[in-house]
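One-based numbering, in listed order, for ligands and for the atoms of each. Only a predicted model underlies this, so the values are computations on that prediction, with no experimental measurement involved.
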Amino acid sequence: MYLASSNGLNHTFLLNTYILTFHDFSFNPRLVDGLDAMGFSKPTPIQIQSIPVILNKQDLIACAQTGTGKTAAYVLPILNNIVNSEKRHLNTVIIAPTRELAQQIDQQIEGFSYFLGVSSIAIYGGGDGATWDQQKRAMEGGVDIIIATPGRLIAQIAMGTINFDHVEHLVLDEADRMLDMGFYEDIIRIIKELPVKRQTLLFSATMPPKIRSLANRILQSPMEINIAISKPAEGILQQAYVVYNEQKEKLIDSLLKEKSYTSVLIFASTKENVKKLDRNLNRLGLKAKAIHSDLDQTEREHVLREFKNKQLSILIGTDVLSRGIDVEGIDLVINFDVPPDPEDYIHRIGRTARAASTGTAITFVNDMDQRKFFRIESLIGKEVPKIQVPTELGPAPAYSPETKNHQMKGQGHKNSGKQKSWKGKRRPHQKPKP
Ligand code: AMP
């Protein structure tokens with residue numbers, strides 16, 4: 001699925017074999033505390049591949065879309081570098097095409113640096129004079145990371161307020177979009193202000209020739225990473241229900257009674273959930289069977305054969321089934337919960353609409369899963385329509401994944417869901433600025 005190469009070397013196998021959690025990166029313990037608190041446990045493929053390269057101080061060109069976890073892929077090793085450095089100066093400049101992206105990156109940095117006392121500021125146009133003054137004052141006061149849109153950064157450079165002498169990292173995020181928006185000359189102009197000895201990281205969703213030529217001009221012997229994400233087949237009608245857990249089983253019952261399906265595959269994340277769902281659906285009068293690792297091989301094959309022969313119309317399983325099963329004519333896939341890995345979502349729903357036929361894929365999204373589902377929507381580049389839960393099942397939650405951003409486990413994160421401007425106040429454990 002992905003490839004990391006430099007001088008023809010392929011590191012993917014090694015990296016995937018050994019790095020399984022964020023604890024495997026030798027990050028500063030306070031950074032790991034922040035990740036734990038945010039509920040980040042497993043790095044995504046782009047993070048598995050980029051983080052060691054960035055920690056190793058190499059330049060990087062990475063082809064990855066929004067939704068893959070690309071922001072954390074560069075932010076985490078940079079934060080680690082800042083926390084471990086003795087003197088604090090402006091350390092990192094991140095350039096992004098739009099104000100929205102600059103704000104989002106800034107919010108992620110704020111979430112990760114909750115226990116670190118690293119300061120960042122988003123600099124973008126479109127605000128009033130007060131915003132401009134705020135940005136200017138913040139930079140004069142010292143800041144570790146600037147996230148800026150090109151035009152506004154150049155305007156600040158013209159004011160002479162920024163000292164770039166100690167910048168160690170330059171990140172270009174969504175570089176292809178910046179070039180499409182005509183920012184090439186602005187980027188080159190900004191780079192002229194930066195120290196020649198620096199680490200440059202270029203992230204782009206696509207790799208057209210103009211990105212290659214920009215990379216040749218500004219990167220030095222970069223590592224290259226390509227995260228190719230598969231797309232769901234066109235024939236799949238995707239839908240989602242935003243529900244409470246207690247409503248899920250009744251919703252399956254109502255969906256299957258409302259319309260007749262020949263072959264229904266239901267995915268749940270754990271073996272325990274698969275077994276429980278099997279019991280409860282049968283109690284509701286639905287003839288379902290489950291496949292899980294407690295069944296022996298013969299039992300599993302038997303159930304699968306019944307499903308393939310259409311003697312059994314409802315099969316329940318975990319993600320293992322999403323990769324292994326190749327059954328024609330599955331007309332409905334139900335995701336009883338949102339899979340943690342967006343790739344699994346694509347595999348799960350790909351069990352229907354095989355061989356250019358059509359099918360429906362319905363996902364149940366509870367409160368805890370809203371962020372995960374939003375990530376999947378970003379990755380597949382489309383919003384999945386949310387269908388109203390039948391009124392007889394009672395009121396359902398609203399879909400508001402943004403407000404669930406960076407919710408700290410067990411405590412309300414002070415910035416959750418809020419748009420943030422410059423936060424000039426020093427945090428309790430933040431070092432004084434030089
Ligand atoms: P991005 O591709 O950077 O726009 O990230 C998309 C979303 O994925 C953001 O909301 C991140 O908070 C979330 N995210 C990134 N990395 C992880 C991870 N390792 N585990 C869980 N969520 C993540």
Quiz item: Which pair of heavy atoms, one from T200 and one from I218, lies closest together, and at what distance?
Solution: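 T200 and I218 have their closest heavy atoms at OG1-O, 3.8 Å.
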Practice problem: Go through R30 and D33 one step at a time and tell me if the salt bridge (Lys or Arg N to Asp or Glu O under 4.0 Å) criterion holds. | Solution: CA-CA 5 Å; R30 283 189 285 147; D33 286 347; over 6 Å; no
Please say whether [X] places an N or O atom under 3.5 Å from an N or O atom belonging to ligand 1.
X    : answer
R375 : yes
P43  : no
S41  : no

Quiz item: Centroid-to-centroid, F267 to F336, below 6.0 Å?
Solution: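 No, ring centres 6.0 Å or more apart.
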Exercise. Go through the side-chain N and O atoms of Y399 and Q370 and say whether any donor and acceptor fall under 3.5 Å apart.
Key: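 Result is no, nothing qualifies.
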Quiz prompt | Exercise: do D59 and Q220 side chains pair donor with acceptor under 3.5 Å | solution =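 There is no such pair between these side chains.
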Exercise. Answer whether the closest heavy-atom distance between the side chains of Y184 and L214 falls below 4.5 Å.
Key: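 A side-chain contact under 4.5 Å exists here.
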Self-check item: Sub-4.0 Å heavy-atom contact, K372 with ligand 1
Solution: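 No.
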Quiz prompt | contact_flag F22 ligand 1 heavy-atom lt 4.0 Å | solution =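 It does; at least one heavy atom falls under 4.0 Å.
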Looking at [X], which atoms of ligand 1 are within less than 4.0 Å of one of its heavy atoms?
X    : value
K42  : 18 (C), 19 (N), 20 (N)
R371 : 9 (C), 10 (O)
T71  : 1 (P), 3 (O), 4 (O)

Quiz prompt | Full working for salt bridge (Lys or Arg N to Asp or Glu O under 4.0 Å) between R189 and E193 | solution = CA-CA 7 Å; R189 161 91 183 78; E193 300 289 324; 2.8 Å; yes
Quiz item: Which is closest to atom 5 (O) of ligand 1 by heavy-atom distance: A72, G39, G69?
Solution: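 The nearest heavy atom belongs to G69.
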Exercise. Can you figure out which of F40, F374, F112 has its heavy atom closest to atom 15 (C) of ligand 1?
Key: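 Looking at heavy atoms only, the winner is F40.
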